[in-house]
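Reading through the structure tokens given below for one structure.
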2 protein chains.
Amino acid sequence: MSSVPGWANVDERRNLPPALAVSTVILGIREGKDGGPDKLCLPVVRRIRQPHTGMWALPGGPVDPRESLGQAAGRNLDETTGLRPTYLEQLYTFGDIDRSPTHRLVTIAYFALLNADQVGATVQDDNVAWFDIDDPQIAQMAFDHREILDYAMWRLRNKTEYGQIAHRLLGERFTLAALRGVYEAILGRRLDPANFRRTLKSTASIEETDEYLAGGQHRPPRLYRYVGHGPDPLEVDPLHD
Amino acid sequence: MSSVPGWANVDERRNLPPALAVSTVILGIREGKDGGPDKLCLPVVRRIRQPHTGMWALPGGPVDPRESLGQAAGRNLDETTGLRPTYLEQLYTFGDIDRSPTHRLVTIAYFALLNADQVGATVQDDNVAWFDIDDPQIAQMAFDHREILDYAMWRLRNKTEYGQIAHRLLGERFTLAALRGVYEAILGRRLDPANFRRTLKSTASIEETDEYLAGGQHRPPRLYRYVGHGPDPLEVDPLHD
DNA sequence: GAGCGTTAATGTCAGAATGACTCTAACGAA
DNA sequence: TTCGTTAGAGTCATTCTGACATTAACGCTC
């Protein structure tokens, strides 16, 4: 383990308090190419400092003493990518001793969702890029960020209540086919359209509107709306679910 | 907000890095009194320092720079209560600005389980006590610890895989009735013994032994064993579930 | 030892939920 | 008008679930 300019060396850092940071996995959905299934995608930032210079990393940064953890996640996200997601939830805190080669770093990981028209709309910057979730270019990431991403996907797939999550990846109104695309992207398998319709119609959180999506080549699909509980909080607090 | 001896005052602490601590919700199970349902219970410690002096709090303490977060939780647990649980899992990180009246405090909450013969076996100390989960004496706790406890219960109830959790609250071998008692204590309602048996027999993680529990007044029940995946890790890492 | 009370363990049955599939409706394009 | 495609409703067999009945095996009492 080598000493890096600007950082305390190994012996010194043992007595420093751990640095506190937040990182965020931000997922959006993008239509599948030529009839393929929809894909989850995310923005990542290129590291311009030591360690892991040049590698892709999750957006994030230090926690200011005057802000809460959720606020820190939202602010860092805005500053590095210009994104303001509609959903933000705490994932897990990573604090292994050697997860950063240069100093002791404790990172609170967050999980965010973007609706369709925010996907791709980051600041113009060569150091920010979007990748599909299975793109080989992010098979390796800085620090343990690839593990954080895998954990986020695991959590997403094991959510019991999808209604909330699916509707935040789409807009205010959506077709059942679009919603099914979201489910298929998350679960990684095709779903029967008829059965999907039946089960979703039996859940109370989605209701049909009187509008139809015009302009398509075939029978126009009805638009649906998510009727969740209450307004959209910036941070979903699991204490009050 | 008053200045407390030994702590930085409000203006000063705004520029200090947040203090990092761990706290643990440790649950065990205890047989119901006179035929009643089994009860979940936990040890708590009395605060002997500012703030919230005299109130009950979750066991915990600061994170040492040389240990991982899980190690910090286990060590603090052992030092304050003498307990070494068979299961330890990270819950959530609490970091609101005003959760401590005296300083900025970020707490990583952990969740632990004890098997039956560890319940009540804490160090001899007037400042450690065991309470049933619904005991009015812990309706209020120091800091936001009551919210942490409520969140731990919510998480426990919403676990999809109970086999692992239930068996760690019992010993190596257990009867189906005892296992049902655990489920009933967690879910807070009675379960049909016949249906409970059926569903559990269909899960692969529990297998029957050739032994029976002797000494009872009625037909001796068969003993079962949990056949989990691999050895017991001190810290369950959700990345590799 | 026979009968009784209690718990262990198995069996049955109806209704709900689920997956695979068919059928009809409504659009644009040819 | 016909055709291809997607929207949306319906059918049916299988599985899952909750409620309840039945049999087995102990200790206890008489």
Side-chain angles (χ1 to χ4, degrees), chain A residues 31-38 157-163 166 170 173-225, chain B residues 31-38 157-158 160-163 166 170-171 173-225:
Chain A
E31 276 188 24
K33 302 174 189 71
D34 43 69
D38 294 354
R157 269 191 278 265
N158 286 286
K159 278 273 176 193
T160 48
E161 220 235 317
Y162 279 121
L170 303 169
R173 285 144 204 271
F174 46 84
T175 67
L176 282 188
L179 189 55
R180 181 165 49 86
V182 172
Y183 277 68
E184 290 177 344
I186 292 175
L187 297 175
R189 60 188 171 93
R190 294 288 185 170
L191 298 173
D192 184 299
N195 295 335
F196 181 78
R197 174 182 307 275
R198 181 179 56 192
T199 50
L200 268 200
K201 283 220 161 181
S202 70
T203 69
S205 61
I206 285 175
E207 70 177 17
E208 56 182 34
T209 69
D210 293 333
E211 296 171 63
Y212 294 82
L213 181 63
Q217 298 197 335
H218 308 292
R219 174 174 172 175
R222 186 187 285 272
L223 290 174
Y224 290 80
R225 176 173 45 203
Chain B
E31 277 189 23
K33 302 173 189 70
D34 43 71
D38 294 353
R157 269 191 279 264
N158 285 285
T160 48
E161 219 235 318
Y162 278 121
L170 302 169
R173 285 143 203 270
F174 46 84
T175 67
L176 283 186
L179 189 56
R180 180 166 49 86
V182 171
Y183 277 69
E184 290 177 343
I186 292 174
L187 297 174
R189 62 188 168 93
R190 294 289 185 167
L191 298 173
D192 183 302
N195 296 336
F196 181 79
R197 174 181 306 273
R198 181 180 54 193
T199 49
L200 269 199
K201 284 219 161 182
S202 70
T203 69
S205 62
I206 285 176
E207 71 178 16
E208 57 182 33
T209 68
D210 292 333
E211 295 170 62
Y212 294 82
L213 181 63
Q217 297 196 335
H218 308 293
R219 173 173 172 175
R222 187 187 284 271
L223 289 174
Y224 290 79
R225 175 176 43 205

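Chain letters run A, B, ... following the sequence lines, proteins first, then strands; residues in each count from 1. When reading the values below, keep in mind they use all heavy atoms of this one structure, side chains included, and skip hydrogens, waters and symmetry mates.
Between the side chain of B:Glu184 and the main chain of B:Asp38, no donor-acceptor pair closer than 3.5 Å is present.
In plain terms, the two heavy atoms of B:Ala194 and B:Asp192 that are nearest each other are N-OD1, 2.8 Å. Nearest heavy atom pair, residue A:Tyr224 against residue A:Arg197, reads OH-NH1, 4.0 Å. Smallest separation of non-hydrogen atoms from B:Thr209 and B:Leu223: OG1-O, 2.7 Å. Summarising the geometry of B:Leu213 relative to B:Thr175, their closest heavy-atom pair is CD2-CG2, 3.9 Å, with the distance given to 0.1 Å.
The CD atom of B:Glu208 sits 7.5 Å away from the CG atom of B:Asp210 when rounded to the nearest 0.5 Å. One finds the CZ atom of B:Arg180 at 10.5 Å from the CG atom of B:Leu200 (value rounded to the nearest 0.5 Å).
Taken together, the paired segments of DNA chain C that extend over three or more consecutive Watson-Crick or G-U pairs, each closer than 3.5 Å at both contacts, are C:1-30 with D:1-30.
Among residue pairs with one or both ends in residues 182-213 of chain A, those qualifying as ring pair (Phe, Tyr, Trp, His ring centres under 6.0 Å) are A:Tyr162-A:Tyr183, A:Tyr183-A:Phe196; sequence neighbours excluded.
Within residues 183-201 of chain B, the residues that place at least one heavy atom under 4.0 Å from DNA chain C are, in residue-number order, B:Ala194, B:Arg197, B:Arg198, B:Lys201.
When DNA chain D is scanned 5' to 3' for any atom under 4.0 Å from a heavy atom of chain B, the first and last hits are D:dT17 to D:dG27.
Here the options are A:Lys201, A:Arg173, A:Arg225, the test is salt bridge (charged side-chain N to carboxylate O under 4.0 Å, His left out), and the partner is A:Glu207; only A:Arg225 passes.
By the salt bridge (Lys or Arg N to Asp or Glu O under 4.0 Å) test, B:Glu31 is found to be paired with no residue, residues two or more places apart in sequence or in another chain being considered.
For the pair B:Leu176 CG and C:dA9 P, the interatomic distance rounds to 6 Å; values are reported in whole Å.
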If the sugar-phosphate is the primed atoms plus P, OP1 and OP2 and the base is the rest, what is the B/S/- string for nucleotides 24-30 of chain C, using protein heavy atoms under 4.0 Å? -BBBS--
